[in-house]
Amino acid sequence: MENYIAENRQRFLDELFALLRLPSVSADPAYKSDVLATAEATAQFLREAGASAVEVCETPGYPVVYGEYLVSPERPTVLVYGHYDVQPADPVELWSSPPFEPEIRVTDIHPGGAIFARGACDDKGQFFMHVKAFEAMVATGNVPCNIKFMIEGEEEVGSANLAWYVKRNQERLACDVILISDTGMVAPGVPSLTTGLRGLSYVEVEVTGPNRDLHSGLYGGAVANPINALTEMIARLHDDRKRITIPGFYDKVETLSEAERAELAQAPFSLDAYKKALDLVDVAGEAGYSTMERNSIRPTLDVNGIWGGYTGAGAKTVIASKAYAKISMRLVPHQDPDEITQLFSDYFVSIAPAGVTVKVTPHHGGQPYVCPTDHPGYQAAVQALSDSFGQKAVPVRSGGSIPIVALFEQELGVKSILMGFGLDSDAIHSPNEHYGVANYFKGIETIPLFYRYFAKGLRA
Ligand code: BES
Ligand code: MN
Ligand code: MN
């Protein structure tokens with residue numbers, strides 16, 4: 001196995017590069033044909049790796065790529081999930097090299113080089129590790145489990161059609177565990193397993209004042225200004241301890257015991273390095289919680305975008321008719337996205353100042369997820385990571401969301417193991433996204449070990 005990977009090292013990189021050259025931006029309809037081409041390319045790579053029944057499955061949105069390799073009904077079945085779509089690359093001018101022309105550059109954190117491209121880490125580089133590990137297993141006659149692949153194309157826009165697909169393909173997707181590499185490691189070289197993901201409620205708000213844009217001298221002070229109103233309302237969503245003021249918002253929030261908090265605090269973390277990496281004078285967040293807790297076990301509310309009025313060159317004296325914002329709330333276990341969206345909506349409408357009307361439109365959401373550390377899949381991942389890194393994996397709660405994970409649990413009754421190899425500094429969703437070459441190959445080496453331990457049910 002190691003030999004096969006070593007001999008094919010360059011090709012494994014070249015093929016990933018080919019995938020990264022396809023701009024599969026699911027959010028922007030302008031890239032539709034590229035997204036579809038990426039689904040086809042993914043299917044072709046699965047076929048070449050040795051998968052059968054490979055299919056680009058239609059959905060009401062972008063297709064799901066399916067493939068399988070069934071060795072025996074006696075053996076356990078692992079479903080690999082990943083996504084071939086990527087975030088938009090903009091602002092493109094902030095990239096040091098074009099986002100869809102991958103290149104390897106050395107960085108402080110990646111002395112062995114990192115692949116710079118949109119999707120390098122999230123998630124093409126990570127799901128492709130599974131395709132290459134699978135190829136190596138097939139080529140060396142070493143497949144201890146039934147393996148199924150399901151690679152989707154709408155993760156970055158909320159996986160809206162995935163429930164549709166999963167409900168119609170329950171049998172095809174039947175498995176004992178789901179294995180996903182779409183998360184990160186706590187620090188370079190420190191193997192990590194993500195034991196929790198936050199949920200998400202995402203809303204757009206529209207505040208309307210007068211029926212047209214007005215002269216700010218003739219009307220200013222006499223009518224409500226929607227931008228003033230919106231910013232006032234947003235300011236009221238947190239108190240001075242940075243707690244969210246929406247009534248009922250915290251009612252169901254899971255409280256961790258002091259012991260659990262102490263365990264999470266074991267993960268390596270340097271506040272200085274964190275501030276330095278982001279050029280921050282100081283961190284900010286909910287009083288009474290550490291930075292790591294604030295971005296994992298606590299729910300949050302953030303404005304993701306805000307617009308309205310005149311933002312062009314020079315000055316235009318105007319009171320806009322409308323102002324808008326996009327707001328995300330990251331949720332923790334037991335908080336329900338639909339319920340939170342309703343609580344937000346009721347409260348936001350209730351705090352509108354006189355003279356404006358407010359409309360709240362829900363976007364996508366997702367349930368939070370927790371993975372029990374005594375799950376056989378989790379244990380297999382611990383063993384695999386110990387073997388390949390020579391040290392014990394650290395359990396981490398992540399602040400990010402992968403809505404499908406809770407859906408898999410609901411629809412298939414199966415837990416997902418989140419074994420990711422990215423780093424926070426890999427700049428996913430940002431300009432100059434990259435993925436360590438060493439991380440890529442570490443993943444390819446670790447994945448076959450996972451199957452081996454999972455098939456053995458841990459009998460070493
Ligand atoms: N892979 C990320 C989520 C992630 C990254 C989890 C790092 C943990 C560590 C995923 O592609 C993503 O970006 N998810 C979105 C969800 C959304 C679009 C519904 C997110 O978290 O914003
Ligand atoms: Mn992802
Ligand atoms: Mn993402």
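The figures here come from the full heavy-atom set of this structure, side chains too, leaving out hydrogens, waters and symmetry mates. This is a predicted model, so every value here is computed, not measured. Counting convention: from 1, in listed order, for ligands and their atoms alike.
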Point to revise | Residue pair Y440, F12: steps toward the ring-ring contact (aromatic ring centres under 6.0 Å, His included) verdict | key: CA-CA 10 Å; Y440 179 57; F12 283 7; 7.4 Å; no
Review point. For ligand 1, is there an N or O atom under 3.5 Å from any N or O atom of H364?
Key: no
Review point. Where on S401 is there a heavy atom closer than 4.0 Å to ligand 1, on the side chain, on the backbone, on both, or on neither?
Key: both
Review point. Does even one non-hydrogen atom of P403 get within less than 4.0 Å of ligand 1?
Key: yes
Exercise for review: Quick one: pull up CG in L331 and CG in L200 and give me the separation to the nearest 0.5 Å.
Suggested key: 6.5 Å
Check your understanding: Under 3.5 Å, is there a donor-acceptor pair between the D387 and Y453 side chains?
Key -> yes
Exercise for review: Report yes or no: does a heavy atom of D123 sit under 4.0 Å from some atom of ligand 1?
Suggested key: no
Check your understanding: Applying a strict 4.0 Å limit to heavy atoms, is I428 in contact with ligand 1?
Key -> yes
Check your understanding: Are any of the N or O atoms of H83 closer than 3.5 Å to those of ligand 1?
Key -> yes
Review point. So which bit of D122 gets within less than 4.0 Å of ligand 1, heavy atoms only: side chain, backbone, both or neither?
Key: side chain
Review point. If hydrogens are left out, which of E154, R397, E156 has an atom nearest to atom 18 (C) of ligand 1, that is, the closest non-hydrogen atom?
Key: E156
Check your understanding: Can you list the steps and then say if E254 with R397 is a salt bridge (Lys or Arg N to Asp or Glu O under 4.0 Å)?
Key -> CA-CA 13 Å; E254 171 199 54; R397 286 281 197 109; 3.3 Å; yes
Exercise for review: State whether D182 contributes an N/O/S atom found under 2.8 Å from the Mn ion (ligand 2).
Suggested key: yes
Review point. Just checking, is any N or O donor in the side chain of Q44 or E48 under 3.5 Å from an acceptor N or O on the other one?
Key: yes
Exercise for review: Please find the N/O/S atom of D122 nearest to the Mn ion (ligand 2) and write down its name.
Suggested key: OD1
Check your understanding: Are any of the N or O atoms of E155 closer than 3.5 Å to those of ligand 1?
Key -> yes
Check your understanding: Quick check: are there more than 12 heavy atoms from other residues, nucleotides or ligands sitting under 6.0 Å from CG of D14?
Key -> yes
Exercise for review: Using 2.8 Å as a strict upper limit, say whether an N, O or S atom of H429 approaches the Mn ion (ligand 3) that closely.
Suggested key: yes
Practice item. Considering only non-hydrogen protein atoms, determine which one is nearest to atom 9 (C) of ligand 1 and report residue, atom name and distance to 0.1 Å. Key: S398 OG, 3.4 Å
Check your understanding: Any luck finding a side-chain donor-acceptor pair between R294 and T300 under 3.5 Å?
Key -> no
Exercise for review: Check whether any N, O or S atom of E156, backbone or side chain, sits closer than 2.8 Å to the Mn ion (ligand 3).
Suggested key: yes
Study note, to complete from the structure: Within the 4.0 Å heavy-atom cut-off, what R330 brings close to ligand 1 is side chain
Review point. Does the pair E286 and R243 meet the rule for a salt bridge (Lys or Arg N to Asp or Glu O under 4.0 Å), with working shown?
Key: CA-CA 6 Å; E286 187 183 0; R243 275 178 71 90; 3.2 Å; yes
Exercise for review: Quick one: sort the H434 and F116 rings into parallel, tilted or perpendicular, breaks at 30° and 60°.
Suggested key: parallel
**Study point:** For atom 4 (C) of ligand 1, closest protein heavy-atom neighbour
**Key:** D182 O, 3.6 Å
Check your understanding: Taking heavy atoms and a distance under 4.0 Å, where does L200 meet ligand 1: side chain, backbone, both or neither?
Key -> side chain
**Study point:** Lys/Arg-Asp/Glu bridge criterion (N-O < 4.0 Å) met for E204, K326
**Key:** yes
Review point. So, R118 and E156, do they make that salt bridge, N to O below 4.0 Å?
Key: no
